[in-house]
Asker: 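My structure is below; once you've seen it, I'll send some questions.
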Amino acid sequence: LATGPRQNNGIFYEIRMYDIKPAKMKEFLEMVNKYVHFRTAHSELVGFWYSELGAMNKVFHIWKYDNFAHRTAVRHALANDKDWQGKFISAAFPLVEKQHNEVAYLVPWCQLGKPPKEGGVYEWVTFQMKPGGPALWGEAFRTAINAHINTGYTKLIGVFHTEYGLLNTVHVLWWNESPDHRAAGRHSAHEDARVVAAVRDSVRFLESQQNVLLIPLQCSPLK
């Protein structure tokens, strides 16, 4: 069940998802915006979002690492960072109900993108594919993603394939100007014969899928 070739070899992304206590979301987000600079002093933050639709009281953040040794060094440095531990961790983590993390690589045919402007919304779509890895479903999945890109209504930010976590999982991060712009674009895409054909081919390998509409924090590099 090989995962196939990887882009940029050792570089990977840690995807973190936290469930926040419902009454504490505002407080948690304010603390992140205020103190995240202590964390980003140690490694690169790709983006930080909170859920708006599809999940409630949940935050998503993605961190980039050169390799696993780099992550180990960063985690060690964070454990000894008095500002990070004292000002953020000690105060913010009592507001967290649950944590989950995954390690993922960008698929080889995808570069990490940026939105054309600030102020839009992000859609995080998770596809659980049949066991077998990209050797089984990779080309059909890529064709389906490209069919949506070619409609022009949405902007692809990244496609991530898990290495640690639930295997054969692919996360796709899209950007749209607004939820209404996304809705109109998807309506048009569903009437596009090219999109319909590509999706029908790829769903042969699909077990399930789920999506979340995300709003970027002020501190997020992607916003």
Asker: Looking at every non-hydrogen atom in both residues, tell me the closest pair between Phe205 and Ala140 and how far apart they are.
Answerer: CE1-CB, 3.8 Å

Asker: Give the C-alpha distance, both sets of side-chain angles, the deciding distance and a yes or no for side chain to side chain contact (heavy atoms under 4.5 Å, CB included) between Val170 and Thr126.
Answerer: CA-CA 6 Å; Val170 184; Thr126 298; over 6 Å; no

Asker: Taking atom NE2 of His37 as the centre, report whether more than 12 heavy atoms of other residues, nucleotides or ligands fall under 6.0 Å from it.
Answerer: yes

Asker: Could you walk me through whether Ile145 and Val172 pass the side chain to side chain contact (heavy atoms under 4.5 Å, CB included) check?
Answerer: CA-CA 9 Å; Ile145 293 296; Val172 183; 4.0 Å; yes

Asker: Does the side chain of Leu112 come within less than 4.5 Å of Val46's, by heavy atoms?
Answerer: yes

Asker: Trp174 and Ile157: side chain to side chain contact (heavy atoms under 4.5 Å, CB included), yes or no, with the steps?
Answerer: CA-CA 5 Å; Trp174 301 96; Ile157 302 300; 6.0 Å; no

Asker: Is it the case that the side chains of Asn33 and Gln218 hold a donor-acceptor pair, with the cut-off being a distance below 3.5 Å and no angle test?
Answerer: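 Note: Gln218 and Asn33 side chains miss the donor-acceptor criterion.
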
Asker: Please round to the nearest 0.5 Å and tell me the distance separating atom CG of Leu214 and atom NZ of Lys223.
Answerer: 15.5 Å

Asker: In terms of hydrophobic clustering (I, L, V, M, F, W, Y; side-chain heavy atoms under 4.5 Å; direct or indirect links), are Val125 and Val196 co-clustered?
Answerer: no

Asker: CZ/Phe48 to CZ/Arg39 distance, rounded to the nearest 0.5 angstrom?
Answerer: 10.0 Å

Asker: Hydrogens and angles aside, do Glu163 and Tyr105 bring a side-chain donor and acceptor to less than 3.5 Å of each other?
Answerer: no

Asker: Shortest non-hydrogen contact from Gly158 to Cys110?
Answerer: CA-SG, 3.7 Å

Asker: Is there a side-chain contact between Asn101 and Tyr164, using heavy atoms and a 4.5 Å cut-off?
Answerer: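 Result no, sub-4.5 Å side-chain heavy-atom pair not found.
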
Asker: Report, one line per pair, each donor and acceptor closer than 3.5 Å where one atom sits in a side chain of residues 83-90; sequence neighbours left out.
Answerer:
unit_1, atom_1, unit_2, atom_2, d
Gln85, NE2, Leu78, O, 2.9
Ser90, OG, Gln85, O, 3.4
Ser90, OG, Gly86, O, 2.7

Asker: Once rounded to the nearest 0.5 Å, what's the spacing between atom CE of Met31 and atom CG of Leu95?
Answerer: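 Interatomic distance, Met31 CE to Leu95 CG, rounded to 0.5 Å: 6.5 Å.
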
Asker: Who passes side chain to side chain contact (heavy atoms under 4.5 Å, CB included) against Leu53, sequence neighbours left out?
Answerer: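 Leu53 satisfies side chain to side chain contact (heavy atoms under 4.5 Å, CB included) with Leu213 only.
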
Asker: Would you say the side chain of Thr162 lies within less than 4.5 Å of the side chain of Val103, judging by non-hydrogen atoms?
Answerer: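 SC-SC contact between Val103 and Thr162 ruled out.
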
Asker: Other residues, nucleotides and ligands only: do more than 12 of their heavy atoms fall within 6.0 Å of NZ on Lys130?
Answerer: yes

Asker: Check side chain to side chain contact (heavy atoms under 4.5 Å, CB included) between Glu177 and all other residues, then give those that pass, not counting sequence neighbours.
Answerer: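 Applying side chain to side chain contact (heavy atoms under 4.5 Å, CB included) to Glu177 gives Lys117, Trp175, His181.
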
Asker: In this structure, is the centre-to-centre distance between the rings of Phe68 and Phe12 below 6.0 Å?
Answerer: yes

Asker: Is there a donor-acceptor pair closer than 3.5 Å between any side-chain N or O of Gln128 and the backbone N or O of Leu167?
Answerer: yes

Asker: Taking side chain as C-beta onward, heavy atoms only, is Val203 less than 4.5 Å from Phe127?
Answerer: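 Not touching, per the 4.5 Å side-chain cut-off.
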
Asker: Between Asn168 and His161, what is the shortest heavy-atom contact and its length?
Answerer: CA-NE2, 4.2 Å

Asker: If you apply the rule side chain to side chain contact (heavy atoms under 4.5 Å, CB included), what do you find for Ile15 with Trp63, and how did you get there?
Answerer: CA-CA 7 Å; Ile15 301 164; Trp63 299 87; over 6 Å; no

Asker: If I take atom CH2 from residue Trp49 and atom CG from residue Leu29, how far apart are they, to the nearest 0.5 angstrom?
Answerer: 14.0 Å

Asker: What residue pairs, at least two apart or across chains, pass side-chain hydrogen bond (donor to acceptor under 3.5 Å, both in side chains) with a residue in residues 132-159?
Answerer: Thr154-Asn176

Asker: Starting at CZ of Arg75, measure out to CZ of Arg71 and round the result to the nearest 0.5 Å.
Answerer: 5.5 Å

Asker: Could you report the tightest heavy-atom contact between Val32 and Cys219, atom names first, then the distance?
Answerer: CG1-SG, 3.9 Å

Asker: Test His171 against every option in Trp124, Phe60, Phe160, Tyr122 by the ring pair (Phe, Tyr, Trp, His ring centres under 6.0 Å) rule and name the one that passes.
Answerer: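 The ring pair (Phe, Tyr, Trp, His ring centres under 6.0 Å) with His171 is passed solely by Trp124 among Trp124, Phe60, Phe160, Tyr122.
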
Asker: Is it true that atom CD of Glu207 has more than 12 heavy atoms of other residues, nucleotides or ligands lying nearer than 6.0 Å?
Answerer: yes

Asker: Are the side chains of Asn57 and Ser51 in touch, meaning some heavy atoms are under 4.5 Å apart?
Answerer: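 Contact flag for Asn57/Ser51 side chains = no.
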
Asker: Of the non-hydrogen atoms in Ser208 and Leu206, which two are nearest, and what is the gap between them?
Answerer: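 Closest approach of Ser208 to Leu206, heavy atoms only: O-CD1, 3.2 Å.
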
Asker: Does Lys64 reach the side chain of Glu14, with side-chain heavy atoms less than 4.5 Å apart?
Answerer: no

Asker: Side-chain contact test, heavy atoms from C-beta onward, threshold under 4.5 Å: evaluate it for Tyr50 versus Val212 and give yes or no.
Answerer: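 The answer is no; the side chains never approach within 4.5 Å.
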
Asker: Indicate yes or no for a side-chain donor-acceptor contact from Arg204 to the backbone of Asp201 under 3.5 Å, with no hydrogens or angles considered.
Answerer: yes

Asker: Report the C-alpha separation of Glu30 and Lys26 in whole Å, then their side-chain angles, then the decisive distance to 0.1 Å, and conclude whether the salt bridge (charged side-chain N to carboxylate O under 4.0 Å, His left out) test is met.
Answerer: CA-CA 6 Å; Glu30 288 175 348; Lys26 183 175 183 291; 2.6 Å; yes

Asker: Looking only at the aromatic ring of each residue, does the gap between the centers of Tyr18 and His61 stay below 6.0 angstrom?
Answerer: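 Yes: the rings meet the under 6.0 Å criterion.
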
Asker: Would you please name every residue forming a side chain to side chain contact (heavy atoms under 4.5 Å, CB included) with Pro221, sequence neighbours left out?
Answerer: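 Listed in chain order: Leu45.
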
Asker: Applying side chain to side chain donor-acceptor pair (under 3.5 Å), name anything that partners Glu118, two or more places apart in sequence or on another chain.
Answerer: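 Glu118: no side chain to side chain donor-acceptor pair (under 3.5 Å) contacts found.
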
Asker: Near Arg194 CZ, under 6.0 Å, is it more than 12 heavy atoms from other residues, nucleotides or ligands?
Answerer: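 Atom CZ in Arg194 is not crowded, with 12 or fewer foreign heavy atoms closer than 6.0 Å.
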
Asker: When you compare the side chain of Asp19 with that of Val96, does any pair of heavy atoms fall below 4.5 Å?
Answerer: no

Asker: Which heavy-atom pair separates His70 from Asp66 by the least distance, and what is that distance?
Answerer: ND1-N, 3.0 Å

Asker: Look up atom CD in Glu52 and atom CD1 in Ile215, then write down how far apart they are to the nearest 0.5 Å.
Answerer: 5.0 Å

